[in-house]
Amino acid sequence: MKTENPDAARRLLVGGLATGLVAAIDGAASAQTPASNATGTIMPLEDPTKKYPRPPFQRQQQEWPGLAGKMNPPPDHGEKTYKGSGRLAGRKALITGGDSGMGRAAAIAYAREGADVAINYFPTEEPDARDVIALMKEAGRKAIAIPGDLRDEAFCQRLVDEAVRGLGGLDIVVSNAGRQQTRQSILDISTEDFDATMKTNIYAPFWIIKAALPHLQPGSVIIGTASEQAYDPSPDLYDYAQTKAATMNYVKSLAKQLAPKGIRVNAVAPGPIWTPLQVSGGATQEKLEKFGGMTSLGRPGQPGELASIYVQLAAADASFATGQVYGSAGGTGQP
Ligand code: NAD
Ligand code: MG
């Protein structure tokens, strides 16, 4: 290009130099070693649509409350993948329903993040519980098993006492256990049935939190497991869905009540997750076959995909999060 004006020529030269400089800086950046994590490994990109099994699933039915160990395909609770980085070092956690599903994923993650953990589960879930206890011990943490039926107030009180005694205190309470049984019509729900759902999903958290509160110091946290059902209930989950609306609600009420004491209260709201709850009466066989297919990712979530949310809500650096409900539902659902 012919340039008559020397000023313009100088500008062009400088511009060219600047472009060259940018190119050189760019080159330097791409020649840099990519950032790696604490263990020195580079995290590969993972396509969430391809990461886990998609429907159709094999029909399968287990007697309530079911075992993760008998599911096909087996759920992923992060057993092989969750890596801790000391985020919960020194914490003492009680997790209900800690044998399987979201509770197991949280238990494994908490132990690997440095927390000592007590888990509660229904006595027939001993095989699943044993697996979790072994994994938490492998992480070098105290792991306490406290089986029992949460529908019993006296047991809920004993559960907290035993956890406090075994752990030497308590600062994280994860009220995660839940009962879900599909019933096509309200006419199919007996009073006993309705009562069991209310006792497990509403009364047990009430009893456990009441018993735990005197032990919780400022900085402690309470985490509930709500559901997308709280906001968008399915027709066949009349009783269950309303307990999840109640969970969302108590979390927000209690968060306001306990904020002045420095205790945070939050919830996780999962979408369809591949857990024993679904194969032991929680879903119809037709729904199971297509389970999770309606989400934007086209598959159900795995419990391990929610572990980091339970960790985040418990960690001290989430200190401004209280009265919040964190969703994980594959693109559908609320919040
Ligand atoms: P899960 O079956 O693995 O866990 C539920 C646990 O609840 C059981 O393991 C059992 O230990 C416990 N439990 C139930 N009744 C009990 C009782 N009477 N006494 C003692 N323990 C009892 O299934 P999950 O899906 O991981 O369930 C965990 C929570 O997640 C529940 O609150 C559930 O409502 C909620 N949730 C699940 C889904 C899903 O799609 N799986 C979606 C939204 C919310
Ligand atoms: Mg279980």
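When a ligand or atom number is given, it counts from 1 through the structure's own listing order. Residue indices begin at 1 and follow the sequence shown.
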#### Entry: Identified salt bridge (Lys or Arg N to Asp or Glu O under 4.0 Å) partner of R183 from the options D188, D193, D239
D193
### Query
Do any of the N/O/S atoms of D128, backbone or side chain, fall under 2.8 Å from the Mg ion (ligand 2)?
no
### Query
How about Y121: does one of its N, O or S atoms come closer than 2.8 Å to the Mg ion (ligand 2)?
no
Heteroatom proximity flag, [X] to ligand 1, N/O under 3.5 Å:
| X | answer |
| --- | --- |
| G101 | yes |
| S227 | no |
| D149 | yes |
| G178 | yes |
| P272 | no |
| L150 | yes |

What residue and heavy atom of the protein are closest to [atom], and at what distance?
| atom | answer |
| --- | --- |
| atom 34 (O) of ligand 1 | Y240 OH, 2.5 Å |
| atom 13 (N) of ligand 1 | A177 CB, 3.8 Å |
| atom 2 (O) of ligand 1 | L277 N, 3.1 Å |
| atom 6 (C) of ligand 1 | G97 CA, 3.8 Å |
| atom 1 (P) of ligand 1 | S100 OG, 3.5 Å |
| atom 25 (O) of ligand 1 | T275 OG1, 2.6 Å |

### Query
Closest N/O/S atom of D99 to the Mg ion (ligand 2), by atom name?
OD2
### Message
Of all the N, O or S atoms in E125, which has the shortest distance to the Mg ion (ligand 2)?
### Response
OE2
Please determine, by modelled atom types, if [X] and [Y] share a side-chain donor-acceptor pair under 3.5 angstrom.
| X | Y | value |
| --- | --- | --- |
| Y240 | S234 | no |
| T200 | R151 | no |
| Q312 | R87 | yes |
| N266 | Q324 | no |
| N176 | T96 | no |
| D76 | Y52 | yes |

### Task
Would you please indicate yes or no on a ring centroid separation below 6.0 angstrom for W207 and F155?
no
### Summary
The option among V174, I273, D128, T96 carrying the non-hydrogen atom nearest to atom 41 (N) of ligand 1 is I273
### Summary
Heavy-atom proximity to atom 35 (C) of ligand 1, picking from T124, D99, T225, points to T225
### F206 and Y203 aromatic ring geometry - parallel, tilted or perpendicular at 30°/60° bounds
perpendicular
### Query
What is the ring orientation for F291 with W274, classed by angle as parallel under 30°, tilted 30 to 60°, or perpendicular over 60°?
tilted
State the atoms of ligand 1, each with its element, that fall below the 4.0 Å cut-off from a heavy-atom position in [X].
| X | answer |
| --- | --- |
| Q278 | 39 (C), 40 (O), 41 (N) |
| G271 | 38 (C), 39 (C), 40 (O), 42 (C), 43 (C) |
| P270 | 42 (C), 43 (C), 44 (C) |

### Message
If the threshold is 4.0 Å, N to carboxylate O, is there a salt bridge linking R104 and D99?
### Response
no
### Query
Would you say the side chain of K142 lies within less than 4.5 Å of the side chain of K92, judging by non-hydrogen atoms?
no
